[in-house]
*Asks:* 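Take a look at this one; I'll ask things after.
Just the heavy atoms: all of them, side chains too, but no hydrogens, waters or symmetry mates, feed the values below. Order of the sequence lines sets the chain letters (A, B, ...), proteins ahead of strands, with each chain counted from 1.
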Protein chains: 2
Amino acid sequence: MTERQPRKDAARNRAAALAAADTLFTRCRSPEEITMADIAAAAGVGKGTLFRAFGDRTGLIRALYATRLEPLRQAIEQGPPPLGPHTPPLQRVPALLDALLTFKLDNRHLATALESAGADSPYRTDHYAHWHALLRDLLEQIPGLADAGFTAHALLAATRADLVGHLADDARTPRETMRRQLADLTTRLLDAPAPRSPAAGD
Amino acid sequence: MTERQPRKDAARNRAAALAAADTLFTRCRSPEEITMADIAAAAGVGKGTLFRAFGDRTGLIRALYATRLEPLRQAIEQGPPPLGPHTPPLQRVPALLDALLTFKLDNRHLATALESAGADSPYRTDHYAHWHALLRDLLEQIPGLADAGFTAHALLAATRADLVGHLADDARTPRETMRRQLADLTTRLLDAPAPRSPAAGD
DNA sequence: GTACGATACGGACCAGTGGTCCGCTTCGGT
DNA sequence: ACCGAAGCGGACCACTGGTCCGTATCGTAC
């Protein structure tokens, strides 16, 4: 075993930090206004403990996001249809996107924090790479659909946290409306035949 | 006239600041690493001058972006087809998106800086509202196309600066490939009939 | 050309951030 | 009960966007 078991107080503090961060991020409007000192204070630990446990701010946000995402990840990796692996692509792709949208709606503050975490683009994270690969592989199994990679990017872009947050909070779009809109978009993209001519002729 | 003419040195310094910022943003990998002090030094002015001229960092980036965007704006507002106003929607929408993509490719550092400027979401800016309204209005004129508003969001999301930058710089996607992919996506969305049933039946 | 008020300059300065450091505390095996 | 290792925490640091105000410059009236 090269892995050391963490000490009891360390585990407790880590959990406290995650819980505190969760509460703070959920409560507040913009993730930028939550500082590491805030989280430390709310968790009743020192700031150093936070950085020891998570490395940096981005690490904390990632850890928190991963925790929340865990059930969905399970459902996708080994759950029953329509999310689980034994589902035909034409059915699984819309289900995945709907689940992702729902998740981001429920956790929009956290998702926004994640996507704007640090200076690096959200496209350079393992998290994004994972979702994109999953979607792209499924799209590639759908016959007559070109550019699976780009289509996957486009579909994921339609569920970006800040867009979802804008639609939900600023435009007051009801949850079911958004789900239907994304489902329609997905359907249109999956059903459409590959276009023959780039110009708008017919 | 309620507008005062700016003093000569003010105008010169403003131009110098824009030019310096342009150079710096273009050169560097991530916009975060360019500080206001850097720009001031490169422009040969004091930091206070920068803030006096542009208000804050976001204001400077916006001003710079607006300058670069000006030719495209002109072409869209009063130029000839296919960008100008006297163009049928089915032809103008793809043209607009292609122009936007091209512009963002050519100015990806600046566009990235703009979209991640400040704490506020890029969706709450006049700039985005303008593009979205333009696109939505055109989409609404296309018969048989539901959810013009959401479709406009989705199309614009596919041209977000960080995605474009990721495709161009990390995935090494050639320019023409990206243009074709976006054109295909647009065509698929515009040509597809409104789906009748949300489920994947036929 | 000169005098003079308005305008703009610029760098010292400030508040607040993420992140580090290290003397002190706590844990847990023996 | 002991003791080395692991963890703690808040003073501290480097650095950022943004402010302030004494000083320099501009443009105008004469």
*Asks:* Please determine, by modelled atom types, if A/Thr187 and A/Asp184 share a side-chain donor-acceptor pair under 3.5 angstrom.
*Replies:* no
*Asks:* For the pair made of CG in B/Asp9 and C1' in C/dG10, what is the distance, rounded to whole Å?
*Replies:* 13 Å
*Asks:* For residues A/Thr151 and B/Arg188, is any side-chain donor paired with an opposing acceptor at under 3.5 Å?
*Replies:* yes
*Asks:* Among C/dG10, D/dC26, D/dG7, which is the nearest nucleotide to the side chain of B/Lys8?
*Replies:*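 When the side chain of B/Lys8 is considered, D/dC26 is the closest of C/dG10, D/dC26, D/dG7.
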*Asks:* Could you tell me how far apart B/Glu33 (CD) and D/dC15 (P) are, to the nearest whole angstrom?
*Replies:*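 Going from CD in B/Glu33 over to P in D/dC15 covers 14 Å.
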*Asks:* Which comes earlier along DNA chain C counting from the 5' end, the contact point of A/Thr35 or that of A/Gly55, where each point is its nearest nucleotide?
*Replies:* A/Thr35
*Asks:* Measure CZ/B/Arg52 against C1'/C/dT7 and give the value in whole Å, please.
*Replies:*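 Atom-to-atom, B/Arg52 to C/dT7, this comes out as 7 Å.
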*Asks:* Give a yes or no on whether a donor-acceptor pair under 3.5 Å exists between the nucleobase atoms of C/dG19, that is its base, and the side chain of A/Lys47.
*Replies:* yes
*Asks:* Below 30° counts as parallel, above 60° as perpendicular, anything between as tilted: where do the rings of A/Tyr123 and B/His166 land?
*Replies:* parallel
*Asks:* Roughly how bent is the helix from C/dG1-D/dC30 to C/dT30-D/dA1 end to end, in steps of 10 degrees, with each end axis from five pairs?
*Replies:*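 Here the helix ends are tilted 10° relative to one another.
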*Asks:* Could you state the interatomic distance from CG (A/Leu156) to CZ (A/Arg136), rounded to the nearest 0.5 Å?
*Replies:*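 It is 11.5 Å, given to the nearest 0.5 Å.
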*Asks:* For B/Glu32 and C/dT17, give me the distance from atom CD to atom P, rounded to whole Å.
*Replies:* 17 Å
*Asks:* How far does CZ of B/Arg108 sit from CG of B/Leu101, to the nearest 0.5 angstrom?
*Replies:*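 It comes to 10.0 Å.
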*Asks:* So, does the side chain of A/Arg7 form a donor-acceptor pair with the base of D/dA6 at under 3.5 Å?
*Replies:* yes
*Asks:* What's the separation between atom CG in B/Leu83 and atom CD in B/Gln91, rounded to the nearest 0.5 Å?
*Replies:*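 So the CG of B/Leu83 and the CD of B/Gln91 are separated by 10.0 Å.
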*Asks:* For DNA chain D, whose closest nucleotide is more 5', that of B/Met36 or that of B/Arg12?
*Replies:*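 This one resolves to B/Met36.
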*Asks:* Given atom CZ of B/Phe54 and atom C1' of C/dC9, what is their separation to the nearest angstrom?
*Replies:* 15 Å
*Asks:* Distance check needed: C/dC9 P versus B/Arg14 CZ, whole Å only.
*Replies:*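 That distance rounds to 11 Å.
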*Asks:* Base, sugar-phosphate or nothing for B/Arg57? Non-hydrogen atoms, less than 4.0 Å.
*Replies:*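 Contact class for B/Arg57: sugar-phosphate only.
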*Asks:* Measure the distance from CD1 on B/Ile34 to C1' on D/dG17 and round it to the nearest whole Å.
*Replies:*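 Spelled out: CD1 on B/Ile34 to C1' on D/dG17 is 15 Å.
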*Asks:* Does B/Thr49 place a side-chain N or O at less than 4.0 Å from the phosphate oxygens OP1/OP2 of C/dA8?
*Replies:* no
*Asks:* Whole Å only: how far is the CG atom of A/Leu50 from the C1' atom of C/dC21?
*Replies:*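 From A/Leu50 CG to C/dC21 C1': 16 Å.
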*Asks:* Side chain of B/Phe51: nearest nucleotide among D/dG9, D/dG7, D/dT19?
*Replies:* D/dT19
*Asks:* Check this one for me: any side-chain N or O of B/Asn13 less than 4.0 Å away from OP1 or OP2 of C/dC9?
*Replies:* yes
*Asks:* Among B/Asp170, B/Asp162, B/Asp169, which one satisfies salt bridge (charged side-chain N to carboxylate O under 4.0 Å, His left out) with A/Arg124?
*Replies:* B/Asp170
